[in-house]
Amino acid sequence: MSQIREIKCPHCGEWTLWNGDIDDRCLYCDGFLEPKRFSREVEKKIRKEVIKENDYFFIKPEDSEFTRTLKTFLNNLRWLAYYLQIVFFVFITLILLLLSLLPG
Ligand SMILES: [Zn+2]
């Protein structure tokens, strides 16, 4: 599928070479020659990343200071909620145990 064709760049309108790759760029303006297809590939990749990261707020090195703080906060909140659930569950279990131990 590496057939070199001459196509009109969707960004600057110049005629440039395209060999069918999704990341081919215009020789003149450096724009992607198939932005729709390219963005779809990126979208697919991002979706895969999201699945891989589960639903945790993964902190990336390129995140800004604010995003990092926010993500760290949300992560901590998640863990807090998780631990609270466990504590609640243990508490209820203990209550039920105590009730069953009571005579009557
Ligand atoms: Zn161009």
Side-chain angles (χ1 to χ4, degrees):
M1 269 261 296
S2 57
Q3 198 183 4
I4 295 177
R5 268 193 281 166
E6 218 180 329
I7 66 157
K8 206 168 192 175
C9 170
H11 309 284
C12 65
E14 294 281 350
W15 287 91
T16 182
L17 294 175
W18 180 59
N19 58 25
D21 289 333
I22 51 159
D23 52 352
D24 269 350
R25 287 162 186 265
C26 170
L27 293 172
Y28 300 94
C29 68
D30 212 32
F32 287 106
L33 293 176
E34 247 197 327
K36 251 191 214 157
R37 202 167 133 205
F38 183 76
S39 63
R40 217 180 301 140
E41 290 291 320
V42 170
E43 205 178 287
K44 228 189 279 172
K45 213 187 253 178
I46 289 173
R47 211 171 291 152
K48 229 184 266 169
E49 295 273 304
V50 167
I51 291 167
K52 200 167 62 191
E53 284 165 15
N54 214 340
D55 47 357
Y56 290 95
F57 296 98
F58 190 73
I59 296 166
K60 297 183 199 82
E62 68 265 25
D63 281 343
S64 70
E65 193 65 35
F66 174 74
T67 318
R68 265 173 214 241
T69 314
L70 190 71
K71 281 182 176 176
T72 311
F73 174 72
L74 288 171
N75 270 336
N76 289 339
L77 208 66
R78 274 182 67 99
W79 283 114
L80 190 69
Y82 180 68
Y83 286 129
L84 276 176
Q85 270 176 23
I86 294 173
V87 168
F88 184 71
F89 179 74
V90 169
F91 180 70
I92 295 291
T93 311
L94 276 175
I95 295 241
L96 288 175
L97 194 72
L98 282 173
L99 283 176
S100 69
L101 286 175
L102 284 175

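Counting starts at 1 for both ligands and their atoms, following the listed order. Since the structure is predicted, the reported quantities are computational estimates derived from the model, not experimental observations. Just so you know, these numbers use all the heavy atoms, side chains as well, and skip hydrogens, waters and symmetry mates.
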> Can a salt bridge be assigned to the pair Asp30 and Arg25 using a cut-off of 4.0 Å between side-chain N and carboxylate O?
Replying inline: yes

>> What I'd like to find out is whether the side chain of Thr16 reaches to under 4.5 Å of the side chain of Glu6, using heavy atoms alone.
In response: no

>> So Leu102 and Leu98, do their side chains get closer than 4.5 Å, heavy atoms only?
In response: no

>> Only to 10 degrees, please: what angle do the SG atom of Cys9 and the SG atom of Cys29 make about the Zn ion (ligand 1)?
In response: 110°

>> Would the distance check show the side chain of Asp24 and the main-chain N or O of Leu33 forming a donor-acceptor pair, the cut-off being under 3.5 Å?
In response: no

>> Before moving on, can you tell me the angle at the Zn ion (ligand 1) between the SG atom of Cys26 and the SG atom of Cys12, to the nearest 10 degrees?
In response: 110°

>> Using 2.8 Å as the threshold, say whether any N, O or S atom from His11 sits that close to the Zn ion (ligand 1).
In response: no

